[in-house]
Amino acid sequence: MLGNPQLRSKWLSTAFRRYAQPRRYNSAPQYKSLETLDDASIKTFRERYFIPERPVLLPRRSFRDLPAYERWFRRLPMKPNVSRLNTDYLATHGAYAHVPLELTQSKPDTSDTIGHGHDSDLSFRKFHAPLSLFLQWIADAESQPQGLSHPMRLYLAQCQLLDLPQVLRDDFPTPQIVAQAGKGDIYDTNVWVGYPPTYTPLHRDPNPNLFVQLAGKKVVRLLAPRHGQGVFSLVRAQLGRSGTREAAAFRGEEMMQGQERILLERTVWGEQEPEEPESSHAGFEAELEDGDGLFIPKGWWHSIKGTGEGVTASVNWWFR
């Protein structure tokens, strides 16, 4: 029955009227701007944010000294914060490295809807392929008259540094805040590169996370552990599923297409008029531009969208 688009739309509308009441996390959470840290000292960060497990934006532009910032991207001088991927550099040093890619594709009659509402018409697939395939797709997409509105999109998502040759790994030295704020243990380091719109669904990580924007823009919405748990459980209940799923599966296919993507995205990103005083805000929002860093404590739920023009790229360190 729900295969019919009109019936599916009616069902979703009814479901949201039933579950999206302004009580017990049933409405889209309200968000306020996340605090920005002015003092970059490790001591201040450790005492005020790392140990108490509070998210914070680190001093703006403080990660532009990473070698990857200059080597991986070409800035467009006439357009601030718009970059292109330096495919020549990456092809020279790592064209045949096998990397994880995500293919998002729209149906033939919905090619203009990627990232804009009709997400049930998206197909999603993960696979490993040579980095050269991703670089060729970017070159081809940029050369087309329609540019990056092509119905097929590739996203280099959660690419571990270990997937890359040493010369490219060296472009991501460990930041001092990662090495010195805690025990100095690094659980994993990952690179993310794509063209907007990119999307990571609501999830939580088992370790503290330093998330650094290298190129373009991303918007991050964060929910404290109990608020995020309520939102995620609500969506799962609407779909007749139980449990909260482990964080390791946060980019599973069921979360990146179909009804689960629709409900998660609308619940986290849907806009509504404020109905409660600011003190009752359930979450935070952070806008990152190139060189910005965000600390996400363990257990905090978050969802991320790439926006704007040009390539959007990030690197994150999970650490303790």
Side-chain angles (χ1 to χ4, degrees), residues 33-73 156-164 168-193 198 200 202-225 228 247-248 250-251 283-306 312-320:
S33 296
L34 187 63
E35 179 183 0
T36 300
L37 181 61
D38 294 323
D39 182 354
S41 73
I42 300 296
K43 181 177 183 293
T44 298
F45 169 74
R46 181 190 298 114
E47 293 178 354
R48 292 174 55 186
Y49 302 98
F50 185 77
I51 295 176
E53 298 184 342
R54 296 173 53 205
V56 69
L57 270 170
L58 298 169
R60 295 285 188 175
R61 314 296 186 264
S62 56
F63 293 93
R64 287 186 172 183
D65 58 348
L66 288 172
Y69 180 83
E70 293 292 341
R71 296 174 184 171
W72 283 48
F73 309 99
L156 180 71
Q158 201 171 345
C159 174
Q160 294 180 302
L161 282 193
L162 293 177
D163 290 334
L164 302 175
L168 296 182
R169 293 184 217 169
D170 292 341
D171 291 336
F172 299 93
T174 303
Q176 287 187 346
I177 200 168
V178 170
Q180 299 178 18
K183 299 178 180 179
D185 297 334
I186 300 175
Y187 172 71
D188 201 3
T189 307
N190 297 272
V191 179
W192 314 72
V193 183
T198 61
T200 293
L202 185 68
H203 70 285
R204 59 183 176 181
D205 298 325
N207 291 287
N209 183 0
L210 173 64
F211 186 88
V212 173
Q213 190 69 5
L214 296 169
K217 299 180 180 180
K218 282 186 177 175
V219 180
V220 184
R221 286 191 166 179
L222 304 103
L223 295 167
F250 74 87
R251 298 187 76 81
F284 297 94
E285 180 174 284
E287 297 185 4
L288 284 77
E289 298 186 355
D290 56 19
D292 291 343
L294 168 66
F295 171 64
I296 306 173
K298 68 178 181 181
W300 274 70
W301 296 76
H302 50 286
S303 181
I304 305 172
K305 283 191 173 185
T312 178
S314 316
V315 59
N316 81 285
W317 286 266
W318 283 305
F319 67 105
R320 292 174 289 192

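Count residues from 1 along the sequence.
Note: I296 CD1 to W318 CH2 = 9.5 Å, rounded to the nearest 0.5 Å. In this structure, the separation between CZ on R60 and OG1 on T36 is 5.0 Å, given to the nearest 0.5 Å. The structure places CG of L222 at 13.0 Å from CZ of R54, a figure rounded to the nearest 0.5 Å. Atoms CG and SG, on L168 and C159 in that order, are 9.5 Å from each other to the nearest 0.5 Å. Here the CG-CG distance, from L288 to L57, works out to 5.5 Å after rounding to the nearest 0.5 Å. Rounded to the nearest 0.5 angstrom, D290 CG and L66 CG are separated by 11.5 Å.
Residues meeting the side chain to side chain donor-acceptor pair (under 3.5 Å) test with R71, sequence neighbours left out: D171.
Within the 4.5 Å cutoff, the side chain of P225 has heavy atoms near those of the W300 side chain. At a threshold of 4.5 Å between non-hydrogen side-chain atoms, the residues F45 and V56 count as touching. Taking the side chain as every heavy atom from C-beta outward, L162 and R169 approach each other to under 4.5 Å.
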| request: Give the intermediate values and the outcome of side-chain contact (heavy atoms from CB on, under 4.5 Å) for residues H302 and H203. | output: CA-CA 6 Å; H302 50 286; H203 70 285; 3.1 Å; yes
| task | Verify side-chain contact (heavy atoms from CB on, under 4.5 Å) between L34 and L294, making sure each step is shown before the conclusion. | result | CA-CA 10 Å; L34 187 63; L294 168 66; 3.3 Å; yes
| task | Would you check, one step at a time, whether the test side-chain contact (heavy atoms from CB on, under 4.5 Å) holds for K298 with E53? | result | CA-CA 7 Å; K298 68 178 181 181; E53 298 184 342; 2.9 Å; yes
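Of the possible donor and acceptor atoms, none in the side chain of T189 sits under 3.5 Å from a partner among the backbone N and O of L161. Judged purely by atom type and a 3.5 angstrom limit, T200 has no side-chain atom pairing as donor or acceptor with the backbone of S303. Judged by distance alone, with hydrogens and angles left aside, the side-chain atoms of R46 form a donor-acceptor pair with the main-chain N or O of Q180 at under 3.5 Å.
In this structure, S33 and F284 approach most closely via the heavy-atom pair O-CD2, 4.1 Å. Nearest heavy atom pair, residue K218 against residue W192, reads NZ-CB, 4.0 Å. Across every non-hydrogen atom of L223 and G283, the tightest pair is CD2-CA, 3.9 Å. In this structure, P67 and D170 approach most closely via the heavy-atom pair CG-O, 4.2 Å. Nearest approach of R320 to F50, heavy atoms of both residues: C-CZ, 4.3 Å. Nearest heavy atoms, P59 versus D38: CG-O, 4.0 Å.
Taking the six-membered ring where the residue is Trp, F295 and F319 present tilted rings, their angle falling between 30° and 60°.
Checking W72, W317, F63, Y69 one by one against F172, the ring pair (Phe, Tyr, Trp, His ring centres under 6.0 Å) holds for a single residue, W72.
Using a cut-off of 4.0 Å between Lys/Arg side-chain N and Asp/Glu carboxylate O, E289 and R61 are scored as salt-bridged.
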Name the atoms and distances for all side-chain donor-acceptor pairs under 3.5 Å in residues 207-216, with sequence neighbours left out.
from	atom 1	to	atom 2	distance (Å)
N209	OD1	N316	ND2	3.3
N209	ND2	D205	OD2	3.3
Q213	OE1	S314	OG	2.7
Q213	NE2	A215	O	2.8
Q213	NE2	T312	OG1	3.0

